[in-house]
Each structure stands twice: as C-alpha cells, then as structure tokens.
Protein chains: 2
Amino acid sequence: MSEKRNKLEQIAADSVQRSGFHNLSFRTLANEVGVKSSSVHYYFPEKAHLATALLENYIAAFTAQLDDIDSRNLSLTKKLDAFIKIFEKVIKEDKLCLCGMMAAEVSTLNKQNRILLSSYFSRAEKWISQLLINHEVELNIDIDPQVLSKTIMSGLEGAILIDRVDRGMERLKAQRILINKLLKK
Amino acid sequence: MSEKRNKLEQIAADSVQRSGFHNLSFRTLANEVGVKSSSVHYYFPEKAHLATALLENYIAAFTAQLDDIDSRNLSLTKKLDAFIKIFEKVIKEDKLCLCGMMAAEVSTLNKQNRILLSSYFSRAEKWISQLLINHEVELNIDIDPQVLSKTIMSGLEGAILIDRVDRGMERLKAQRILINKLLKK
DNA sequence: GTCTATATACAGATAGAC
DNA sequence: GTCTATCTGTATATAGAC
C-alpha cells in the first residue's frame, strides 16, 4: 500500500463524511496532498474507484471494531453501549457515518458500490441481531431480534444525521435512553 | 405565484429527494422545463434561494399533513400510523425526505437554510411528543415523551435512508413494529 | 511507477436583449 | 417581466512527460 495513496484515502474519507462524495473533487483532494488533480487519477482512474476504496476501508475498520467488542466479555448493555460509541465518535467530529452519507447519495453510485454499501448495513444489522439472540434473557421486550436490530441501526444512523443539523447530540442520547429501556436492569 | 416558478420548484424538489441538492444543476433543471439555465436565475438569483424555496415548500406541506392528522379524531396508534405513512409514501417513490437529504448536505448550506432545516426536525419532534403527552395512557413504556419522539423521528429518517439502498421497506416495517410494541393494545 | 499539461464538459452567476 | 448569450471557474478524465 502506497503511503500517498493512503493519505489520499484518509483525506477523502474525512471530506465525504463531512460534505458528501459528490461534493469531493479530485482537485481539492490533490491540493491537500500537494499534487495536481490529474495525479489522483493515477491512484484512482475513475472517481468510482475512489468510492470503492473508501467503502472497503470503512467497512474493514467497522468490522474490526465489532470484532473488538466481540473479543471482550461484556453484558448486552455494555456491548450495545460500545456499539453506540462508534456513532458517538463520528458525530463528535461533526461527521456522518461514511456509509450513511453514501446512502443518501446512493442514486449516483454504480452497482458494485451499491452492493458494497448494502453489505455494510446488513453486516451491522446481523451483528446486532446475533448479539440480541445471544443475550436474549437480558431483553425487556418481546420482539424479533432481527426487527429490533434494524430499528437500532436505523435509529443510530438517523440520530447522527439529524443531530448534525444543530450540532448537538440530543437524538443520539435519546436513542441510548430508549435502547437501555428495552433491556433488563 | 408564477406557474413556471412552480414547475421549477416541483422538479427541483423531486431531483433533490432522489440525488441531493448538490447534484442538482440549473442546467438540468432548465432542460426539463425547456428554458436555458440562465433563465432559472431569474426566479432564483442564487442556488441558495432555490434551497430556501424548497425547504419552505416542504415544511409547509409537512405541516399541512400534520394538521390533517390532528383534525381527525383517532387513537394514538392510528395517528402514529398516519405519521409513518408520510415516510412510507416517500420511500415508495424511491426518494428521501427532502430535509433528510439536506441534513446530509448541511455543511454546504448557509445559515438561514440551516435554521429552516432545523425547524423541520424540531417541528416534527414537537408534534410527536405532544401527541404522546395527549395519549399518555396508551403508552406501554415509561419514557420521557420528548425522548421517545426524538427516537421515532430518527428511526424513520434512518429507516428510509437505509431502505433505499436495497430498494426495500424492511427498516420502515421494523420501525412500525417497534412503535406498535411500545403502545398498549 | 509517479506525476502533470491539457482536453472537454459542466457548474453557478451576470449583464443585458426582447 | 421573462429570458438568453456569455463569463469565469471547476468538474472528471486522458495522453503523455519524467
């Protein structure tokens, strides 16, 4: 992995999470690394290739975080809390989840990138539902784990989407409270 | 209100809900109405003015829908169901909520439009929380109505955001199930 | 292997025609 | 009052220099 390629991807990801993929230009990206925009095309022939790299990176990092939570022997409450913290970190940096942002822009993505994007959400939901199944006795509500996992994921994505509008964390906090209410004390 | 201005706004809103405000150009917009892009500037001197018009229209239509629900004498379940239907209609047309889309693009909006955007979400949340307070006895969970209203709104926005990625309605359906579980039968 | 000069198309915006 | 020719800057992408 080239060092410059790495830097380009980092800056690009940050930019996408702040203002969207369509708003990111090769020129601005190049300026930040001190090269010409045409140089960026060496690493990413088309913009869609950059999108692919960003999605793959983000999903890999996300997966690593889930694995880390899995590796620790925690209660359901603590594990869900750790999961919520992933989103908390994002909103604290005044960003959106990269995949949440790309979801808004999905109509401009090619098929391959849509599949990648879709895999992010299904992976997240699958992880949550498996967690709920493993800790079923700690649940305070009678609901299909797959249904609950979808609402948790939607709730978190929606929360940081709206919270960013007035630079707060009210919705994420509300989401945390609701989730805790659904768990046994 | 000019007829052409009206048409421009309708087409623009549709385009924004599909692919975002930044992805909308005066040129494409003009083509669809059969004029030159420069003509669009007669109605909207700057693109930010167009954003303002779209936000105002959307909020007005949304408010009208809430008033309509208020005017009917329904149970909490039915009222919330009618509220969810607003989002269902949007996702069925393969669109996003205009304000949800603009929320993703908030970093590119000017202050005035951010305030407008913010007012949409606070209005929605206020309406839900007031509804919950009015029908407190029908609630099946002990939670602050303002907190629950925020999670409902986040959940719905997030649901259609994610559902659009694989052109389904799974998350919105899940959201409906969860909300119903939180209400007394 | 890495980078740039350059091409071509398109963005928003203005000055002014009708 | 409504619309367009045109300006200036920026977009992605290519061909080719080092």
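Below, chains carry the letters A, B, ... as their sequence lines are ordered, and counting in each starts from 1. Hydrogens, waters and symmetry mates are skipped; everything else that's a heavy atom, side chains included, is used.
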How is B:Leu24 classified with respect to the nucleic acid when contacts are heavy atoms under 4.0 Å: base, sugar-phosphate, or nothing?
-> sugar-phosphate
Identify, with sequence neighbours excluded, every residue that meets salt bridge (charged side-chain N to carboxylate O under 4.0 Å, His left out) alongside A:Asp68.
-> A:Arg72
How sharply is the helix from C:dG1-D:dC18 to C:dC18-D:dG1 bent, taking the axes over five pairs at either end and rounding to 10 degrees?
-> 0°
Can you list the residues that meet the ring-ring contact (aromatic ring centres under 6.0 Å, His included) rule with A:Phe87, with sequence neighbours excluded?
-> A:Phe83
Restricting to pairs with a member in residues 129-154 of chain B, which pass salt bridge (Lys or Arg N to Asp or Glu O under 4.0 Å), not counting sequence neighbours?
-> none
Side chain of A:Tyr43 (C-beta onward), nearest among D:dT4, D:dA11, C:dC3 = C:dC3
Taking OP1 and OP2 of C:dT2, is either one under 4.0 Å from a side-chain nitrogen or oxygen of A:Lys36?
-> no
Does anything in residues 31-49 of chain A pair up under salt bridge (Lys or Arg N to Asp or Glu O under 4.0 Å), and if so which pairs, sequence neighbours excluded?
-> none
Please tabulate, for side-chain N and O atoms in residues 172-180 of chain B, each donor-acceptor pair with protein atoms closer than 3.5 Å (sequence neighbours left out).
{"from": "B:Arg176", "atom 1": "NH1", "to": "B:Asp81", "atom 2": "OD1", "distance (Å)": "2.8"}
{"from": "B:Arg176", "atom 1": "NH2", "to": "B:Glu88", "atom 2": "OE1", "distance (Å)": "2.3"}
{"from": "B:Asn180", "atom 1": "ND2", "to": "B:Arg176", "atom 2": "O", "distance (Å)": "3.1"}

Whole angstrom value for the distance that separates P of D:dT4 from CZ of B:Arg27 | 14 Å
Would you give the length of the straight line joining atom CD of A:Glu9 to atom OH of A:Tyr43, rounded to the nearest 0.5 angstrom?
-> 10.5 Å
Is there any salt bridge (Lys or Arg N to Asp or Glu O under 4.0 Å) pair reaching into residues 95-104 of chain A, and which pairs are they, with sequence neighbours excluded?
-> A:Asp14-A:Lys95, A:Glu93-A:Lys95
Rounded to the nearest Å, what distance is computed from the NE2 atom of residue B:His22 to the P atom of nucleotide D:dT10?
-> 12 Å
Contacts of type side chain to side chain donor-acceptor pair (under 3.5 Å), residue B:Asn31, not counting sequence neighbours | none
If you check the B:Ser25 side chain, which of C:dT4, D:dC3, C:dG12 turns out closest?
-> C:dG12
Rounded to whole angstroms, how far apart are CG on B:Leu29 and C1' on C:dC10?
-> 15 Å
What is the distance from CG of B:Asn31 to P of D:dC3, rounded to the nearest Å?
-> 14 Å
Spacing of B:Leu8 atom CG relative to D:dT2 atom P, expressed in whole Å = 12 Å
Is any side-chain N or O of A:Tyr42 closer than 4.0 Å to OP1 or OP2 of C:dC3?
-> no
The correct set of residues in residues 102-115 of chain A placing a heavy atom under 4.0 Å from DNA chain D is none
Which residue pairs pass the salt bridge (Lys or Arg N to Asp or Glu O under 4.0 Å) test with at least one member in residues 107-133 of chain A, sequence neighbours excluded?
-> A:Glu125-B:Arg171
Whether each nucleotide of nucleotides 13-18 of chain C has a protein heavy atom under 4.0 Å at its base (B), only at its sugar-phosphate (S) or at neither (-) is summarised, 5' to 3', as BB----
Would you sort out whether B:Trp127 and B:Ile69 count as a side chain to side chain contact (heavy atoms under 4.5 Å, CB included), showing the intermediate values?
-> CA-CA 11 Å; B:Trp127 183 86; B:Ile69 298 175; 3.8 Å; yes
Who passes salt bridge (charged side-chain N to carboxylate O under 4.0 Å, His left out) against B:Asp94, sequence neighbours left out?
-> B:Arg167
